[in-house]
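Proteins come first, then strands; the chains are lettered A, B, ... in the order of their sequence lines, and each starts at number 1.
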Amino acid sequence: MNPTRTIALIDGNNFYVSCERVFNPKLEGVPVVVLSNNDGCVVARSQEVKDLGVKMGVPWYQLEAFARQEGMVALSSNYALYADMSNRMMAILGGFSPSQEVYSIDECFLDLAGVEPMARLDAAQGMRQTVKQQIGIPVCVGIGATKTLAKLANHVAKKRAHFAGVCDFNALPAAALDQLLSEIDVGEVWGVGSRLSAQLRAMGIATVLQLKQAPQRRLRQAFSVVLERIALELNGVSCLSLEELAPDKQQIMTSRSFSRGVDTWPELKEAVIAYASRAAEKLRRQGSLAGSLHVFIRTNPFKDTLPQYAQGITLPLAPPTDDTRQLAGAALQGLQRIYRAGFSYQKAGILLGELIPRHRRQLGLFDDPEAEAKSRRLMQALDSINQRYGSGSLHLLGEGLGKPWGTRQRQRSPRYTTRLDELPIVWAK
Amino acid sequence: MHPLAIAGPAALLPLAMPFPLFLSRVPAGFPSPADDYIEKHIDLNAHLVRHPSATFFLRVQGDSMTGAGIFDKDLLVVDRAVKPSHNAIVIAVVDGELTVKRLVLRDGGGVELHPENANYPVLRLTEHQELNIWGVVTHVVHRV
């Protein structure tokens, strides 16, 4: 019989909005939305906006009039800020347990095995207070015997005010826990999407409790072993362990939609070279070399009155490389093969594949170690200059000067914590 | 027994054959008497920042704190992990804005935010106003 595990899931409340509010306290109590790249759609909402009934993912152009009416503030996403605040949050929470898994930009799991049951509530409240004090971000804590239960407990902590931000399933008597689970829709379970929950409801499984109590073999037969595992997790049998180290990305993708249609070859070429450079930076940061490069372009599938074209091509990279010049060269070669004039392109991208760790590179027969070393030094210089003066300071001329097709970020707040020239202002008055 | 067949003449090796040299210098020579005493460089960042996760840099605008050695355009090192105490220089949120003040806690329980410049008023918090401390200033970086 396995001893009951204690897993906590901590996540930030309205994380992006909360990050903005730390540095601009005027936004407290005001309805705030954060928009995706290109100011396209809503990717974060404050509680006030949720209370107004605005859904996640709503396109901005649909919301604009209503937003103005309600005095809503719309901000462009400030990923440099959110990423930095996330790193801080994870470092702070990492101090509460030797075993942490960072799950997303604002969620992490902690194994609370070392914490006495009587001390758990205090530990969880301590986490909330410490994060709130040190970085100003409010968080909720859910605790359960498995990751799936911890996630559910976190959802309860968020939705039911009387839990004061911490919900510990392991501290509830079994009957009380089941009562709680009977009040939650099965769609709230981690891994149960809208389609699956509709199918479950058709089978008479509408609440979390019903899923927990459903015969597991029946679930496996009717759906998949994945759903069976979810049901096992709901019953306190841990099937998912904490993953400490994120495995190296097996592929690196850089792609963006253009803020407006790109019709001309020079502009498309600039975009593709820029994306190849960004992908190369990510590649070097990971310490990998790429063995293949795939470049793709496509028109906007939603503008079906306009002619449609989508194409991609993969080029082998021999020997595997992380040199921006070679990757840009390959990207350009590929683009030349797939480009067709007369189309208005809406998106382009680069996918680097067949990644190998740099140290595992074998020198080929025709390779030139001196050129290798020179390339290494040039790439190092490129990366350190961009790190010091801001990304994009030094780039290939082929990327273009001033990118008119670049992402629209009309209302992005300053990068308060990553740029010396965008620090928060404090008034001495 | 198969006779050896002549495939062709061997290629003549060129006289100069390029070989890669070692890419890094091979150290040679005697050890230095200073080797046992080598220390790390002084790292100013580590000295100024005690709690990296909780430390932020802010830019000052205005002259209300000149008496405390804080001038317009200075950079403040602000630590949110430090508990604010009486007489500390703090960042306080006042009317939705970040302001820098000296925190004064009166014996009777009164809370005041003081400037360090006679041209500016003292802020006395009423019972209904909540003190909102954003962080504690630990260092000022002033360019001369």
If contact means a heavy atom pair closer than 4.5 Å, which residues of residues 123-134 of chain A contact chain B? A/Lys132, A/Gln133, A/Gln134

Answer with side chain, backbone, both or neither: which region of B/Phe57 has an atom nearer than 4.5 Å to a non-hydrogen atom of chain A? both

Chain A contact via B/Leu58 - side chain, backbone, both or neither, heavy atoms under 4.5 Å: both

Would you mind reporting whether B/Val94 and B/Leu123 have side-chain heavy atoms less than 4.5 Å apart? yes

Taking A/Tyr79's backbone N and O only, do any of them form a donor-acceptor pair with A/Ser77's side chain (distance below 3.5 Å, no angle check)? no

Is it the backbone or the side chain of B/Val93 that comes under 4.5 Å from a heavy atom of chain A, or both, or neither? side chain

Any donor-acceptor N or O pair under 3.5 Å, side chains A/Tyr416, A/Glu20: no

For B/Pro52, is it the side chain, the backbone, both, or neither that has a heavy atom closer than 4.5 Å to a heavy atom of chain A? backbone

Side-chain donor-acceptor contact under 3.5 Å, A/Ser104 with A/Glu107: yes

Which answer fits A/Met85, side chain, backbone, both or neither, if we ask what part of it has an atom under 4.5 Å from a heavy atom of chain B? side chain

Looking at A/Lys50, I'd like to know if its NZ atom is crowded, meaning that more than 12 non-hydrogen atoms belonging to other residues, nucleotides or ligands lie closer than 6.0 Å. yes

Out of B/Leu75, B/Val137, B/Leu76, B/Val140, which one pairs with B/Val60 under the side chain to side chain contact (heavy atoms under 4.5 Å, CB included) rule? B/Leu76

Considering only heavy atoms, which portion of A/Leu27 lies under 4.5 Å from any heavy atom of chain B: side chain, backbone, both, or neither? neither

A/Arg45 charged N/C atom sitting above A/Tyr16 aromatic ring, 6.0 Å / 45°: no

Which bit of B/Thr55 comes within less than 4.5 Å of chain A, counting heavy atoms only: side chain, backbone, both or neither? backbone

Does atom CG of B/Asp95 have more than 12 heavy-atom neighbours from other groups under 6.0 Å away? no

A/Ile92, A/Asp84, A/Thr417, A/Val22: which one forms the most heavy-atom pairs within less than 4.5 Å of chain B? A/Val22

Of all pairs that satisfy ring pair (Phe, Tyr, Trp, His ring centres under 6.0 Å), the ones with a partner from residues 68-112 of chain B, not counting sequence neighbours: B/Phe71-B/His142

Whether the side chain of A/Asn78 engages the backbone of A/Pro414 through a donor-acceptor N/O pair (distance < 3.5 Å, no angle test) should be reported. yes

